[in-house]
> 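One structure, as C-alpha cells, below. Some questions next.
In each ligand, atom 1 is the first atom listed, and ligand 1 is the first ligand listed. Computed from a prediction, not measured in an experiment: that's the story for all the values here. These values consider heavy atoms only, across backbone and side chains, with no hydrogens, waters or symmetry-generated copies.
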Amino acid sequence: MAERQYTANDIHILQGLEGVRKRPAMYIGSTNSSGLHHLVWEVVDNAVDEALSGYGKNITVTLHKDGSCSVLDEGRGIPVGINKETGRPGVEIVFTELHAGGKFNSQVYKSAGGLHGVGASVTNALSEWCDVTVYQNGGIYHLRFENGGHLVTPLEQIGDSKKHGTLVRFKPDATIFSTVDFKYDTIASHLQESAFLMKGVRFIIIDERSGDKQEFFYQNGLVEYITNLNEEKKPIIDVVNFSEVDAVTNIETEIALQFCYEDYNETIYSYVNNVKTSDGGTHESGFRTGITRAVNDFAEMVGMLKGKKLEGSDVREGLTAIISLKVPEELLEFEGQTKGKLGTPVANSVVSNLIYNKFTYYLTENKEMAMRIIKKCVDSQQARIAARKAKEEARSSKKANKQEVILSDKLTPAQSKDYLKNELFIVEGDSAGGTAKKGRDRIHQAILPLRGKPLNTDSISLDKLLHNEEIATIINTIGAGFGQSFDIEDIKYGKIIIMTDADTDGAHIQTLLLTFFYHYMRQLITSGHIYIAVPPLYSVSKQDGKRVIHEYAWDDETLAKAKKKMGAASKVQRYKGLGEMDAIQLKETTMDPKTRFLIQVDINDPFLVEKRVKILMGNDASIRRKWVEENVDFNSVDTFMKEVK
Ligand code: TSJ
C-alpha cells in the first residue's frame, strides 16, 4: 500500500479522538470497570450487527494474558476499499472517525452500534494499541493503531485466505481507566444475553488468563431465556411464546412468558433491535395493558371474577416476560437521558394487540393452564386487598406502637426520626451485636442482632424463611411491608447494612438475607439501599510508649504493606469474627462512615442477579469466595492509621 500524505482530514480526525481521550466519560459513561467494558461492547456490537444482517454464525471474544481483548466474527469483513469522499480505506475510517460505523451500514434494523453506540473509534481512542485484521475477497488485510488511535501501520495485504471475517484486538489504556482488568462474568453474561436474543448465533468466550471457556448458543432464544431466569422457581405453566411481523409498520415482535408460584415480583425485560430498553417505554406499556385485558376478559367470560376486576399488578405478580422488538429505523424514537426508553407511539398498540389476541387464544386453547393462571391472579388480588386493609387498620389503630414495644428487646433503635439518614445494621450474633451497640453512632445507627442459628438452615425454602422469627423481625423493623404490599416510601432506614463475620457462615447469612430481600423487597436492592459491611481481616499492632498503634488490612497485599510499615516489633492478628474486635475497633473499621468500607449491593443485570443468587445460595464456599474476590473492588480499600488510647 502506497504511503499517504498527512492531510487536513487526518488532523480533523485526530482532534476527534483526542476529544474522546480528554472526556472519556462523555462517550463511555465512566472510566471505571463499567467504562472499561464499554470498549468491549462497542466492538462486540459491530460483530453482532453483522450477524443480525445474516453474515456469520460465530462470534468469539478472547481475553488475552497481555491484558488485551479480541473479538472475531465470520462476517463480510469491514470494507477495505478506498472511500471516495476521504480517499482513505473504509476500515481506517471506522476506527478513526466518531460514529462512522453507520455510514457503511444500510441494514433495515439498526442494532446496538448503529443505535446509540459510539463506535469502534472510541475503543481505539482509549486503547494503548488496537490491531485490526480483515479477511475478505481472498486476502488478509491488516492495520494497527497505537497510543490512542494513531495509525502506525496503514492498511496492507499481509496474505491470502479463503476465510471471511473481522478480528479486532485492543489493549485498554491503563492511564485512562481506574482498572484494566476485564471481568469474565460481566462479559460472559453480556454475550449470553445476546445469544438469547439472537437464536442461531454462537457466542464464545475464552479467557486465556484463567483457562475458562464458555459457549452460548440458543436455538429457542427467548424460551430458553425465560427457562434460565426461572431455573430456581416453580413454574405454573410451560413457557409460552408469540411472534408476529406487523403488516402495517413492519415492526417484528417476539414475546416469551411464564408464570411462577411463590414469586411476588414481576420480571419484565424488553429489547429493541437487540438493545435493552432498561426504562421500558411504549412497547412495555402495550404489553402490560394487553395482558391485563386478556386475562380480565377471559376470567370474566368463564365467570371467575365475581365483579372485581383484576389490577395489572394482580396479573403480573409472578410473571417473567421478555419482549423483543425489531423496529425499522424510520420509526425509532428513544427517550430519557440514557436513551433506555422506547418512545415510538405505534409500538404500544402493536404489542398490546398482539399480546391480547395471542394470549386470549392461548387461554382458550389451554383450559387447564388458563384456570391455574386465573387462580393465581385472583389469589394475588385477594392478598393485595387484605394487605391494604391490614395497613389501613394498623394506621388508624395504635397497633404500630405496640409493635415497637414488642421489637424493642432485639432492636436498638436510632434516635433520629430523619429516617433516610438512619442506618440499620443487621449483625450476626448477639455478642457482636452488643459490641456494635457500644460502637454505634446512637443518633443515626440502629442495631439488630441476629441469633444466627435459626437462619443457618441448609435447605433454604423461602416460605420457611418467611415464618422465621428473625425474618419477621427484619420485616417489622424496616417497616415497609413485604412482597406485593412492600412500599419503599415507608422504609425507616436509608441504608440497611449486613454485618457478618468474614467466613462461610457469614457468607451464608448474607446470602439468605440477600435472597430474602431479592424476593420480597426487591426495590430495596434496585434502589441501592442494601449494603454489606466489610470488616478487616487483619490488625497489625505495635506498642508505642504507653499507647498501642493499630493498622488494619482487608487483604493479603495490604497486610504485607502494613507489616513493612510497622516494622519487626509488630504483631499480626487475624480476625476470625466481629466478636474479636472491641467496640472502638469495630466502630473505626466497619461502622464509622468516615473510615469504613461498604459494598453497595447492585444487581440490576438479570443474569448476574440469577447467577449471584445461585452462587451465593450454593454450598460451595470456594465459589462464593471467588465471587467476592472478583466482585468486590478492593482497590478502594486501603489501610489507615489510627491511634488508640
Ligand atoms: F467494531 C469494529 F468496527 F471494530 C468491528 C466491526 C469489530 C468486529 C469484531 C467486527 C466488525 C464487523 C463489521 N464485522 N463485520 C462488519 N461488517 C461491515 O463493516 C460491513 C461489511 C460489508 C458491508 C456491505 O454493505 O457490503 C457493510 C458493512 C457494514
> Which one of Pro79, Gly119, Ser121 has a non-hydrogen atom at the shortest distance from atom 19 (O) of ligand 1?
Pro79

> Side chains of Thr175 and Asp173 only: does a donor on one sit below 3.5 Å from an acceptor on the other?
yes

> Check ring pair (Phe, Tyr, Trp, His ring centres under 6.0 Å) between Tyr362 and all other residues, then give those that pass, not counting sequence neighbours.
Phe359

> Asn46 versus ligand 1: do any nitrogen or oxygen atoms come within less than 3.5 Å of each other?
no

> If you apply the rule salt bridge (charged side-chain N to carboxylate O under 4.0 Å, His left out), what do you find for Glu284 with Arg288, and how did you get there?
CA-CA 6 Å; Glu284 258 193 58; Arg288 282 169 217 265; 2.5 Å; yes

> Counting from 1, what ligand 1 atoms have a heavy atom of Val94 closer than 4.0 Å?
3 (F)

> Looking only at distances, please establish whether an N/O atom of ligand 1 is found under 3.5 Å from an N/O atom of Glu42.
no

> Is Phe95 in contact with ligand 1, taking contact as a heavy-atom separation below 4.0 Å?
yes

> Any heavy atom of Ala120 sitting closer than 4.0 Å to ligand 1?
yes

> Are a donor atom and an acceptor atom from the side chains of His64 and Ser70 found within less than 3.5 Å of each other?
yes

> Using a strict threshold of under 4.0 Å (side-chain N to carboxylate O), is an ion pair present between Lys57 and Glu74?
no

> State, without any angle test, whether Tyr269 and Glu193 hold a side-chain donor-acceptor pair at a distance under 3.5 Å.
no

> Heavy-atom distances under 4.0 Å decide this one: backbone, side chain, both or neither, for Ile78 against ligand 1?
both

> Quick one: does Ser53 get a heavy atom under 4.0 Å from ligand 1?
no

> Using a 4.0 Å heavy-atom cut-off, which part of Asp73 comes near ligand 1: side chain, backbone, both, or neither?
side chain

> Please determine whether the number of non-hydrogen atoms from other residues, nucleotides or ligands lying under 6.0 Å from atom NZ of Lys341 exceeds 12.
no

